[in-house]
Amino acid sequence: MRHLLGIEGWRREEIEALLDRAEAHLPGGSASSSVLQGRVVANVFFEDSTRTRTSFEMAAKTLGAEVLNWTAQGSSISKGETLLDTVRNIEATGPVALVIRHRSSGAPHLAARHVRCAVINAGDGTHEHPSQALLDAFTLRRRWGALDGRTVLIVGDILHSRVARSNILCMKALGARVVVCGPPTLLPVGIQQLGTEVAMHLDPVLPQADAVMCLRLQTERQSESFFPSTREFSRLYGLNAQRASKMKEGALVMHPGPINRGVELAPAVADGARSVILEQVANGVAVRRAILEVCV
Ligand code: CP
């Protein structure tokens, strides 16, 4: 594997091999912490990030690499420089990998065709966020042993979510049943073709779930109004304490972050006993260490 552009096309055994490798990258694991010694990894973020950027930085540094952090803000993008010129110029400074986030679907794929180093997709538009799906699957696999036969319910803004798309592909490949739930206007036409079931009402499906993944309303990608109000969305699809009490015993609450507290997820649930949200973040470092190890 030279690039990580998406989960699409991955076979189960390939995902499992990456997750197995990530186990060795957990704190105290057997993986070497010097495989990237003397090398540079470039974070190339055209969109904002907290978790993904810091996690890739932590992963690269703990493998011995130096990290170049480039962000669009303050760059020559403001002077009209193109995506390709930007990545080719950054590549010319010598990194072994470009970790790219961009608002346009397909941007990392385009970059990968024009550079010699590894390209890792850190989220492209509404398309894919493969490292997020891998760390989510890793988190569930560590909790459950395997995803086979488990039901994962993904709730909220499915239409604009690259996390949802990558997670559906990843979790289906690992044998889970995946159900997506949200307002009809935020459910992409044909989403069932990815192998997921669709529910328009949360309350009937919530008790079936072994894990509920709440998604943020991506207002930055919404040029029109998709529902009457945020309050209405929260009333119908928000996971509050009263709703969470209807979940299965032991069922988990997930969120890729950042959370709109009080909208898709109540603070008491986000910080409650069911929540594995910070576990997802912690596991992300091990998963990204494994990704860097196999790509570079
Ligand atoms: N989950 C995720 O992509 O978070 P960031 O936008 O903070 O990177």
Side-chain angles (χ1 to χ4, degrees), residues 4-8 18-19 22 41-62 67-73 97-108 119-140 142 152 154-171 180 182 211-222 239 252-261 263-265 269-271 275-292:
L4 173 60
L5 299 175
I7 299 295
E8 190 170 10
L18 192 286
L19 302 187
V41 171
N43 279 336
V44 182
F45 277 62
F46 293 84
E47 270 190 342
D48 295 344
S49 168
T50 293
R51 281 145 292 272
T52 311
R53 195 173 63 207
T54 53
S55 180
F56 269 112
E57 180 168 357
M58 187 65 86
K61 284 182 168 169
T62 56
V67 176
L68 172 81
N69 273 308
W70 178 94
T71 56
Q73 198 172 22
L98 301 176
V99 179
I100 300 179
R101 170 170 288 191
H102 199 280
R103 66 184 170 283
S104 299
S105 300
V119 172
I120 296 166
N121 181 359
D124 63 321
T126 58
H127 180 224
E128 281 227 40
H129 193 344
S131 65
Q132 180 70 44
L134 290 167
L135 75 87
D136 290 338
F138 185 71
T139 299
L140 293 181
R142 283 189 65 73
V152 179
I154 306 178
V155 185
D157 184 356
I158 312 296
L159 181 66
H160 300 100
S161 178
R162 53 200 180 202
V163 172
R165 189 177 154 77
S166 288
N167 259 308
I168 292 167
L169 293 167
C170 188
M171 293 188 183
V180 296
V212 180
M213 182 183 297
C214 301
L215 298 178
R216 181 176 66 88
L217 282 175
Q218 303 212 9
T219 48
E220 73 275 23
R221 302 191 207 284
Q222 296 177 14
L239 188 56
L252 304 172
V253 172
M254 309 178 81
H255 196 301
I259 302 169
N260 285 320
R261 284 178 175 258
V263 180
E264 69 269 9
L265 196 50
V269 183
D271 304 326
S275 173
V276 293
I277 293 169
L278 292 178
E279 214 170 294
Q280 291 171 258
V281 177
N283 286 334
V285 177
V287 169
R288 286 169 175 135
R289 278 169 59 115
I291 290 168
L292 287 169

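Numbering of ligands and ligand atoms starts at 1, following listing order. By convention here, the first residue in the shown sequence is residue 1.
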Subset of ligand 1 atoms that lie under 4.0 Å from at least one heavy atom of Thr50
5 (P), 7 (O), 8 (O)
Could you tell me whether ligand 1 has any atom less than 4.0 Å away from a heavy atom of Gly123?
no
For atom 6 (O) of ligand 1, tell me which residue out of Arg101, Arg51, Glu47 has the closest non-hydrogen atom.
Arg101
Would you find a donor on one side and an acceptor on the other, under 3.5 Å apart, between the side chain of Thr54 and the backbone of Arg51?
yes
Taking the side chain as every heavy atom from C-beta outward, state whether Arg53 and Asn69 have any atom pair closer than 4.5 Å.
yes
Ring-face cation contact, Phe56 with Arg288, 6.0 Å cut, 45° max
yes
Between ligand 1 and Pro256, is the shortest N or O to N or O distance under 3.5 Å?
yes
Donor + acceptor pair across side chains of Thr139, Asn283 (<3.5 Å)
yes
Short N/O distance, under 3.5 Å, between Thr52 and ligand 1?
yes
With heavy-atom distances below 4.0 Å as the criterion, list the atoms of ligand 1 near Gly257.
1 (N), 2 (C), 4 (O)
Might you work through the side chain to side chain contact (heavy atoms under 4.5 Å, CB included) test for Leu215 and Ile154, ending with a clear yes or no?
CA-CA 7 Å; Leu215 298 178; Ile154 306 178; 3.5 Å; yes
